[in-house]
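One is the number of the first residue; the rest follow in order along the sequence.
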Amino acid sequence: MITVKCEQPGFEPIVLSLAKGGCTIGSGRKNDIIIPQKNVSRKHAVIGLIDGKVMISDLGSMSGTWVNEERIVTHGPLGAQDSIVIGTGKISVRQIVENRDKSEVSSANSKPESKITPAAPKQKTTKPELKSSDQDNSLDKKKSDEKMIYWRQFIHERILKHMDLRRKDVHRMSDEKVKRETEAIIDEVLLEHKNDIPEEINKAALRKNVLDEAIGLGPLEVLLEDDSVTEIMVNNYDEIFVEKHGKLTLSESTFTNANATMQVIERIITPLGRRIDESSPMVDARLKDGSRVNAIIPPLAIKGPCITIRKFAKERLEFKDLQNFGSISEKMVEFLNICVVYRKNIVVSGGTGSGKTTLLNVLSNLIPKDERIVTAEDAAELQLNQPNIVSLESRPPNLEGKGEVAIRDLVKNALRMRPDRIVVGECRGGEALDMLQAMNTGHDGSLTTAHANSPRDILSRLEVMVLMAGMDLPVTAIREQLASAVDIIVQQTRFTCGSRKVTHITEVTGIESGKIQLQDIFLYKQDGVTSEGKVKGEFAPCGFVPSFYDDLAKIGVNVDLSIFDNKEKLAQ
């Protein structure tokens with residue numbers, strides 16, 4: 001049995017007695033010992049018995065766990081003489097041998113009145129006389145998870161030491177060789193400690209977890225392989241949310257500590273020539289499969305390093321897939337196909353996570369294969385299958401603050417590359433002016449996306465973005481450029497149930513009295529929700545034939561006007 005005592009200024013001492021298992025320490029309410037301070041992590045450290053030895057492990061805290069004035073990751077065996085400091089909390093640990101006088105044990109437990117924090121109820125749950133099977137199972141799972149984290153950290157440290165002792169330069173090794181070397185070291189460490197690792201720990205799972213964290217993306221590997229996961233959000237090393245079927249849920253996967261999260265970020269961005277540190281604590285990147293990655297670290301991210309991954313489908317999506325998802329109708333697909341093939345300039349608008357890039361990708365793949373396409377993106381995400389395509393990617397500044405290449409620079413350069421079409425991943429600023437000029441100077445059929453809540457809003461946003469280019473242009477001139485350049489606006493919306501739908505396909509018909517004129521061609525009309533909470537409604541034409549269809553008919557294009565018939569009048 002062990003007793004753990006924590007003393008904090010302004011609080012009565014906390015004393016816990018543990019027959020087996022361990023206790024957690026942190027600022028969160030679910031810990032056995034609570035130290036309510038900003039510099040103490042929500043789940044900071046764990047103390048427990050491992051093979052009869054009292055050990056303490058830091059769980060990736062930012063401020064650290066200190067034993068005898070030295071910062072530790074794992075330390076033990078602990079004795080009564082060891083001084084443990086976490087924040088302002090001073091912790092001492094004492095192991096009581098079973099055959100010692102029981103009065104010593106009872107004296108350690110004779111202070112229930114001193115526990116003025118929520119730690120007291122936690123003490124009760126650790127007593128072996130509990131009869132609730134649900135509580136026992138919960139405690140067993142908690143202890144098992146803590147042991148798994150401990151051994152993951154332990155083996156990871158041994159891998160680094162082995163690599164260092166053997167003077168392995170992993171930077172000059174191929175990915176396959178690094179994997180083989182790491183697997184061999186993991187097997188050596190597992191064999192060396194086979195009698196120390198608790199029986200309840202799955203050795204195969206432990207081996208995979210350590211391998212993923214050492215050379216892969218750690219717990220993210222499993223989530224990336226799961227096709228039902230569309231987005232991954234790492235809020236903290238032990239808090240990972242995923243989006244499945246449009247809904248957010250907390251994943252059981254966790255990193256061992258904040259350093260492991262940082263290593264994964266470095267592993268993602270290093271091959272792309274990007275960096276992240278205190279002077280540049282934000283970065284956009286991509287995975288090998290094209291998935292978009294954003295990372296932000298302390299001091300900007302208070303809780304710890306954060307990662308957001310927007311996954312791309314393993315199989316390239318087509319319009320038939322969007323139809324199966326209920327995101328678009330067959331008539332809308334037929335119309336958009338005509339727009340792309342016959343070189344109409346299209347802007348896809350929508351909110352964050354509404355599916356703009358996915359729709360842009362599907363539209364771009366409709367471009368005829370005999371045309372030259374130049375794409376410009378912050379992080380290359382578009383996956384086009386045409387033979388004549390050039391993909392350009394922006395570049396952030398280096399350590400000296402030089403060498404930055406913005407999207408606007410790429411668009412300007414694209415004009416010199418003899419493109420038939422220019423596709424800009426997203427307009428966020430001054431590049432909107434260059435994009436509009438390209439659309440107005442012979443590069444018909446260009447495509448881009450931008451954030452907006454409606455077709456009318458996207459025009460206002462484009463006006464603002466043109467002004468961000470630094471040109472002192474009158475609003476009238478900007479609107480004339482917009483009305484002349486943009487032909488079609490496709491509005492994508494993400495509903496509260498997680499469904500993503502094309503809600504508007506709108507034509508820009510011109511400008512009158514200084515105001516740009518719009519005409520809806522197709523709309524999605526919602527008429528309630530299903531029993532499962534999903535939105536329901538219908539895609540319907542508005543009865544308006546686009547103005548450019550007359551021009552298509554004059555050049556002999558066989559167009560189907562029946563797709564615009566609206567027998568049942570839409571309520572306005």
Would you say the side chain of [Y] lies within less than 4.5 Å of the side chain of [X], judging by non-hydrogen atoms?
X: V390; Y: R372; value: yes
X: T24; Y: K43; value: yes
X: V222; Y: K208; value: yes
X: F255; Y: L220; value: yes
X: V234; Y: V264; value: no
X: S354; Y: T493; value: no
X: F495; Y: T503; value: yes
X: S364; Y: I373; value: no

Would you say the side-chain atoms of [X] pair up with the backbone N or O of [Y], donor to acceptor, closer than 3.5 Å?
X: E371; Y: R421; result: no
X: T230; Y: E243; result: yes
X: D434; Y: K412; result: no
X: Y549; Y: L561; result: no
X: N365; Y: V362; result: no
X: K244; Y: T249; result: no
X: T449; Y: V348; result: no
X: N31; Y: R42; result: yes
X: N361; Y: L382; result: no
X: N345; Y: D487; result: no

Check against side-chain contact (heavy atoms from CB on, under 4.5 Å), L415 and I422: CA-CA 8 Å; L415 296 173; I422 296 176; 3.5 Å; yes
Can you tell me how far the [atom1] atom of [X] sits from the [atom2] atom of [Y], to the nearest 0.5 Å?
X: L363; Y: L336; atom1: CG; atom2: CG; result: 6.0 Å
X: C306; Y: I240; atom1: SG; atom2: CD1; result: 11.0 Å
X: S327; Y: Y524; atom1: OG; atom2: OH; result: 10.0 Å
X: M282; Y: I297; atom1: CE; atom2: CD1; result: 10.5 Å
X: C339; Y: E334; atom1: SG; atom2: CD; result: 11.0 Å
X: I389; Y: L384; atom1: CD1; atom2: CG; result: 3.5 Å

At their closest point, which heavy atom of [X] faces which heavy atom of [Y], and how far apart are they?
X: P546; Y: F564; result: CD-CZ, 3.5 Å
X: T448; Y: L360; result: N-CD1, 4.1 Å
X: L433; Y: M471; result: CD2-CG, 3.6 Å
X: I516; Y: R479; result: CD1-O, 3.8 Å
X: A285; Y: I268; result: CB-CG2, 4.2 Å
X: S253; Y: P219; result: CB-CB, 3.7 Å

Side chain to side chain donor-acceptor pair (under 3.5 Å), that's the test. Do N294 and T308 meet it? Break it down for me. CA-CA 5 Å; N294 173 270; T308 307; 4.8 Å; no
Cation-aromatic face contact K331/F522, 6.0 Å, 45 degrees: no
F548-Y342 aromatic ring centre distance below 6.0 Å: no
Are [X] and [Y] ion-paired here, with the side-chain N under 4.0 Å from a carboxylate O?
X: R494; Y: E231; result: no
X: E381; Y: R310; result: no
X: D527; Y: K525; result: no
X: E393; Y: R286; result: yes

Verify side chain to side chain donor-acceptor pair (under 3.5 Å) between D457 and S454, making sure each step is shown before the conclusion. CA-CA 5 Å; D457 286 348; S454 71; 3.3 Å; yes
Qualifying residue, where the test is side chain to side chain donor-acceptor pair (under 3.5 Å) with S349 and the options are Q491, Q492, K356: Q491
Counting heavy atoms not belonging to [X], are there more than 12 under 6.0 Å from its [atom1]?
X: E330; atom1: CD; result: no
X: K320; atom1: NZ; result: no
X: I302; atom1: CD1; result: no
X: M417; atom1: CE; result: yes

Does the side-chain contact (heavy atoms from CB on, under 4.5 Å) test come out yes or no for D238 and L59, once each step is laid out? CA-CA 9 Å; D238 61 347; L59 298 178; over 6 Å; no
So, using salt bridge (Lys or Arg N to Asp or Glu O under 4.0 Å) as the criterion, who are the partners of R428 when residues are at least two apart? D378, E426
All salt bridge (Lys or Arg N to Asp or Glu O under 4.0 Å) counterparts of R418, not counting sequence neighbours: D420
Decide whether S547 and E507 meet the rule of one side-chain donor and one side-chain acceptor closer than 3.5 Å. yes
Quick one, I276 with E266, criterion side-chain contact (heavy atoms from CB on, under 4.5 Å). Give me CA distance, side-chain angles, the key distance, then yes/no. CA-CA 8 Å; I276 190 167; E266 294 284 358; 3.9 Å; yes
Does the side chain to side chain donor-acceptor pair (under 3.5 Å) test come out yes or no for N440 and Q481, once each step is laid out? CA-CA 8 Å; N440 273 325; Q481 283 275 319; 3.2 Å; yes
Please step through side-chain contact (heavy atoms from CB on, under 4.5 Å) for the pair I511 and E480, ending with a clear verdict. CA-CA 7 Å; I511 187 167; E480 287 176 353; 4.3 Å; yes
Residues R292, T357; criterion side chain to side chain donor-acceptor pair (under 3.5 Å); working and verdict: CA-CA 10 Å; R292 183 195 307 173; T357 306; 3.0 Å; yes
